[in-house]
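Report on one structure; see the data block that follows.
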Amino acid sequence: DRGKKIGYFIKALSDLRKVLEMRGYKVSDAQIRLISKELSEYDGFDDLWWITFSKQKEIFVNVVCKYIRVSRELVESVL
């Protein structure tokens with residue numbers, strides 16, 4: 001359960017944005033920047049050996065749900 005680099009989560013965020021746009025929901029650039037900034041500021045989030053993927057996934061889902069009104073299941077489906 002080794003961690004992933006932050007680029008993996010940024011790509012997942014981009015995929016989520018595309019899925020939501022197909023459903024008619026617009027995700028703003030500001031929301032994307034806020035999520036990216038909070039993830040990069042989280043202590044040890046980008047350290048592959050310090051944090052597990054499951055913990056990263058939990059953090060990612062919580063941060064995304066904080067800024068975008070979307071179900072946890074949909075966020076997890078893009079990971």
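Scanning both residues, V75 and C65, for their nearest heavy atoms gives CG2-SG, 4.3 Å. Nearest approach of S36 to I10, heavy atoms of both residues: OG-CD1, 3.4 Å.
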### Query
Would I68 and L20 count as a side-chain contact (heavy atoms from CB on, under 4.5 Å) if you check the C-alpha gap in whole Å, the side-chain angles of each, and the deciding distance to 0.1 Å?
CA-CA 10 Å; I68 303 173; L20 290 173; 4.1 Å; yes
### Task
Give the C-alpha distance, both sets of side-chain angles, the deciding distance and a yes or no for side-chain contact (heavy atoms from CB on, under 4.5 Å) between L16 and V27.
CA-CA 9 Å; L16 177 65; V27 179; over 6 Å; no
### Task
Show your reasoning for whether side-chain contact (heavy atoms from CB on, under 4.5 Å) applies to T52 and R2.
CA-CA 5 Å; T52 61; R2 197 172 119 204; over 6 Å; no
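Put simply, the side chain of R72 reaches to within 4.5 Å of the side chain of N62, judged on heavy atoms. Within the 4.5 Å cutoff, side-chain heavy atoms of S71 are placed close to those of L74. In this structure the side chain of L13 never reaches within 4.5 angstrom of the side chain of R17, judged on heavy atoms.
Under the side chain to side chain donor-acceptor pair (under 3.5 Å) rule, Y67 has a single partner from R33, E38, Q31, which is E38.
Here K18 does not pair with E21 in a salt bridge; the nearest charged N to carboxylate O distance is not below 4.0 Å.
Within the structure, every pair that satisfies the ring-ring contact (aromatic ring centres under 6.0 Å, His included) test and touches residues 4-46, not counting sequence neighbours, is listed here: Y8-F53, F9-F45, F9-F60.
Side-chain N or O atoms of Q56 include none that pairs as donor or acceptor with a backbone N or O of I51 at under 3.5 Å. Proximity of a side-chain donor or acceptor of D46 to a complementary backbone N or O of K5 within less than 3.5 Å is not detected.
In this structure, CG on L34 lies 7.5 Å from OG on S28, to the nearest 0.5 angstrom.
When hydrophobic clusters are built by joining Ile, Leu, Val, Met, Phe, Trp and Tyr residues whose side-chain heavy atoms come closer than 4.5 Å, directly or via intermediates, L39 is not grouped with L48.
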